[in-house]
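Just so you know, ligand 1 is whichever comes first in the structure, and atom 1 is the first atom listed for that ligand.
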Amino acid sequence: MFYGKTDETKDRVPPNQKVTTGFPVLHYGDVPEYKEDLSDWSFRIFGLVDNDVTLTWEQIQALPTNTAQNDIHCVTGWSKLDNEWEGIPAEEIAKLAGVKPEAKYVVLHAEEGWTANMPLTDFLTPGNLFAFKHNGEVLTPDHGYPMRFVIPHLYFWKSAKWVRGIEFVEKDKAGFWEKNGYHMYGDPWKEQRFSWD
Ligand SMILES: Nc1nc2c(c(=O)[nH]1)N[C@H]1C(S)=C(S)[C@@H](COP(=O)(O)O)O[C@H]1N2
Ligand SMILES: [Mo]
């Protein structure tokens, strides 16, 4: 019996997912363009927080960073293993916000009004990052430059590219794909793809 890489890999791939070695690009809408110095970029923290703030790129860059290794699983059926991301841990953003106790969910806001929702506890899972880099390289425009969220334990649609803000809310509020039939939570191991799953 062989207990090599194949079996290990299998344990890491949720049901009905296929491993890809490429990095597919998937999104709704256009890839945003920014000025080279990102002076037209900002990040707003709002909702049930003590500090409603809008941060510049310089202010974002001054926050503590970390790296995380993980596997990602897209609802359309591909999984990409062994990604390395570098960025700001979710808990650093929460710390900065001063999240009020009533807040139980978050809504990530991206370009063009695109949103994604998740429970606050899932948002705060260690390893979640507001990432600038993937596998050592600055994110390409297609993959979310200058910053995207990465939450690997939910389907990858929750990992907002071109993220521009976070809202802390009391009640769960459907995001873009969630309004269009996708699951409110999106656990790939339970195959929570659509609202009826
Ligand atoms: N802003 C924004 N973020 C988004 C999306 C989108 O349409 N807009 N699509 C999501 C989906 S469905 C997936 S699978 C991943 C794809 O990320 P990638 O293109 O870097 O592989 O981004 C997610 N983040
Ligand atoms: Mo996706």
A.B. asks: For atom 5 (C) of ligand 1, which of the options Trp162, Tyr155, Trp157, Trp114 provides the nearest non-hydrogen atom?
C.D. replies: Trp114

A.B. asks: With heavy atoms of Trp78 as the reference, note each atom of ligand 1 found under 4.0 Å away.
C.D. replies: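 Counting atoms of ligand 1 from 1, those under 4.0 Å from Trp78 are 21 (O).
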
A.B. asks: Would you please name every residue forming a ring-ring contact (aromatic ring centres under 6.0 Å, His included) with His183, sequence neighbours left out?
C.D. replies: none

A.B. asks: For atom 14 (S) of ligand 1, grab the closest protein heavy atom and report residue, atom and distance to one decimal in Å.
C.D. replies: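 The protein heavy atom lying closest is Cys74 SG, 3.3 Å.
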
A.B. asks: Backbone N or O of Glu170 within a donor-acceptor pair of the Lys173 side chain at under 3.5 Å?
C.D. replies: no

A.B. asks: Less than 3.5 Å between some nitrogen or oxygen of Pro24 and one of ligand 1, yes or no?
C.D. replies: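 Between Pro24 and ligand 1 (N or O atoms, distance only) the closest approach is under 3.5 Å.
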
A.B. asks: Got Asn117 and Phe176 here, is their nearest side-chain heavy-atom distance under 4.5 Å?
C.D. replies: no

A.B. asks: As a check for students: among Arg148, Arg164, His27, identify the option with a heavy atom nearest to atom 17 (O) of ligand 1.
C.D. replies: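 The option holding the nearest heavy atom is Arg148.
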
A.B. asks: Is there a donor-acceptor pair closer than 3.5 Å between any side-chain N or O of Asp52 and the backbone N or O of Phe46?
C.D. replies: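 Such a contact is absent between Asp52 side chain and Phe46 backbone.
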
A.B. asks: I'd like to check whether Lys161 has a polar contact with ligand 1, where a contact means an N/O of the residue lying under 3.5 Å from an N/O of the ligand.
C.D. replies: yes

A.B. asks: Check whether any N or O atom of Leu26, backbone or side chain, sits under 3.5 Å from an N or O atom of ligand 1, and answer yes or no.
C.D. replies: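 For ligand 1, there is an N or O atom that lies under 3.5 Å from one belonging to Leu26.
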
A.B. asks: With Tyr182, which residues qualify under ring-ring contact (aromatic ring centres under 6.0 Å, His included), at least two apart?
C.D. replies: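 If we apply the ring-ring contact (aromatic ring centres under 6.0 Å, His included) test to Tyr182, skipping adjacent residues, the hits are Trp157, Trp177, Phe194.
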
A.B. asks: Atoms of ligand 1 less than 4.0 Å from Ser159 heavy atoms?
C.D. replies: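 In order of number, 22 (O), 23 (C), 24 (N).
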
